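Counting starts at 1 for both ligands and their atoms, in listed order. All values derive from a computational prediction rather than experimental measurement. The figures that follow rest on heavy atoms only: side chains count, while hydrogens, waters and symmetry mates do not.
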Amino acid sequence: MDALDLLLNRRSIAKLSQPAPEGQVLENIIRAGLRAPDHAGLTPWRFVISQGEGLSKLADILVSAAQAERSEESVVEKLRNAPFRAPMVITVIAKVTPHEKVPALEQYLSAGCAVQAMQMAAVAQGFQGFWRSGKWMFHQNVHSAFGLEGDDEIIGFLYLGTPGCTPMKVPERDLSKFVEYM
Ligand SMILES: Cc1cc2nc3c(=O)[nH]c(=O)nc-3n(C[C@H](O)[C@H](O)[C@H](O)COP(=O)(O)O)c2cc1C
């Protein structure tokens, strides 16, 4: 797939089924993440891959956070099923190194770029993805379960799999509403 075509026409797909990317394709996805812009070479990225039993473990982590907050059973039930919306979920963590010139924000942005790069690498190889978040990724229990320290944050959950439908049309956007010259 042409790089510009991918950049201009990429869509996310929420309906994802088996198989998940594996082998060289998965390695390419991770390597694309590792090419995110990175001020001062701090490599502020951790990628935790869940598949099969790993999806159950991810669900358990989210459910236990919701239960710790005495959430309604409907919320707990939703979280119990959430990770199974794709055959693979990559939890992307910004591993923040205190640095005089590189504030935590820049390191979060770098990890966000990694998510986008990985999603695009998936699409370029015939797979698809959907970047998800939710308030539970900020919960202390979830942070502890993933071993976050200091200013580390979970940047998102990248759901990956085989597209279960054709992508929606790219929305028309009027450039003049977004672009200014000074
Ligand atoms: C940081 C971040 C978190 C997101 N979290 C969610 C989410 O939890 N649920 C959701 O439906 N979409 C979420 N999205 C948006 C989708 O990933 C997707 O971009 C959106 O549905 C638009 O589709 P498109 O990428 O095809 O334009 C998130 C996007 C970003 C950048």
Side-chain angles (χ1 to χ4, degrees), residues 1-17 20-21 29-30 32-38 44-50 55 58-59 61-63 65-66 69 71-72 74-96 103-139 141-143 145-146 148 151-175 177-179:
M1 180 185 278
D2 174 61
L4 192 58
D5 182 37
L6 179 61
L7 283 165
L8 295 180
N9 297 311
R10 173 210 71 77
R11 287 300 322 241
S12 302
I13 289 191
K15 198 171 157 57
L16 298 164
S17 47
I29 290 170
I30 302 299
L34 297 176
R35 285 306 309 127
D38 174 19
W45 320 296
R46 281 180 61 205
F47 307 119
V48 183
I49 300 177
S50 305
L55 295 174
L58 177 57
I61 290 170
L62 299 171
V63 162
E69 297 302 327
S71 302
E72 286 178 14
S74 60
V75 173
V76 171
E77 205 45 40
K78 202 172 166 199
L79 288 171
R80 207 185 295 286
N81 296 320
F84 298 95
R85 288 174 288 185
M88 175 180 283
V89 178
I90 304 182
T91 303
V92 179
I93 297 163
K95 170 116 201 77
V96 174
L105 174 62
E106 291 192 17
Q107 299 180 51
Y108 302 147
L109 290 170
S110 177
C113 289
V115 180
Q116 167 80 339
M118 289 195 290
Q119 184 172 355
M120 298 227 277
V123 176
Q125 298 178 101
F127 288 85
Q128 251 294 353
F130 201 96
W131 183 347
R132 295 185 182 276
S133 49
K135 71 173 185 177
W136 301 105
M137 74 180 195
F138 303 105
H139 195 277
N141 293 10
V142 175
H143 281 200
F146 279 99
L148 270 61
D151 290 332
D152 296 355
E153 290 287 355
I154 295 174
I155 297 303
F157 302 105
L158 180 60
Y159 285 62
L160 291 174
T162 299
C165 60
T166 47
M168 289 203 303
K169 206 169 156 290
V170 170
E172 294 285 341
R173 283 183 177 146
D174 177 357
L175 268 63
K177 291 196 175 137
F178 300 93
V179 182

Quick one: do the Ser110 and Trp45 side chains pair a donor with an acceptor below 3.5 Å?
yes

In residues 80-89, what donor-acceptor pairs under 3.5 Å come from side-chain atoms, sequence neighbours left out?
{"unit_1": "Arg80", "atom_1": "NE", "unit_2": "Glu77", "atom_2": "OE1", "d": "3.4"}
{"unit_1": "Asn81", "atom_1": "ND2", "unit_2": "Glu77", "atom_2": "O", "d": "3.2"}
{"unit_1": "Arg85", "atom_1": "NE", "unit_2": "Ala82", "atom_2": "O", "d": "2.9"}
{"unit_1": "Arg85", "atom_1": "NH2", "unit_2": "Tyr159", "atom_2": "OH", "d": "3.2"}

Heavy-atom side-chain contact between Leu58 and Phe157 under 4.5 Å:
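SC-SC contact between Leu58 and Phe157 confirmed.
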
Tell me, which residues have any heavy atom less than 4.0 Å from some atom of ligand 1?
Arg10, Arg11, Ser12, Phe130, Trp131, Arg132, Ser133

At what distance, to the nearest 0.5 angstrom, does [atom1] of [X] lie from [atom2] of [Y]?
| X | Y | atom1 | atom2 | result |
| --- | --- | --- | --- | --- |
| Met137 | Leu148 | CE | CG | 11.0 Å |
| Gln119 | Arg11 | CD | CZ | 10.5 Å |
| Lys95 | Asp151 | NZ | CG | 10.5 Å |

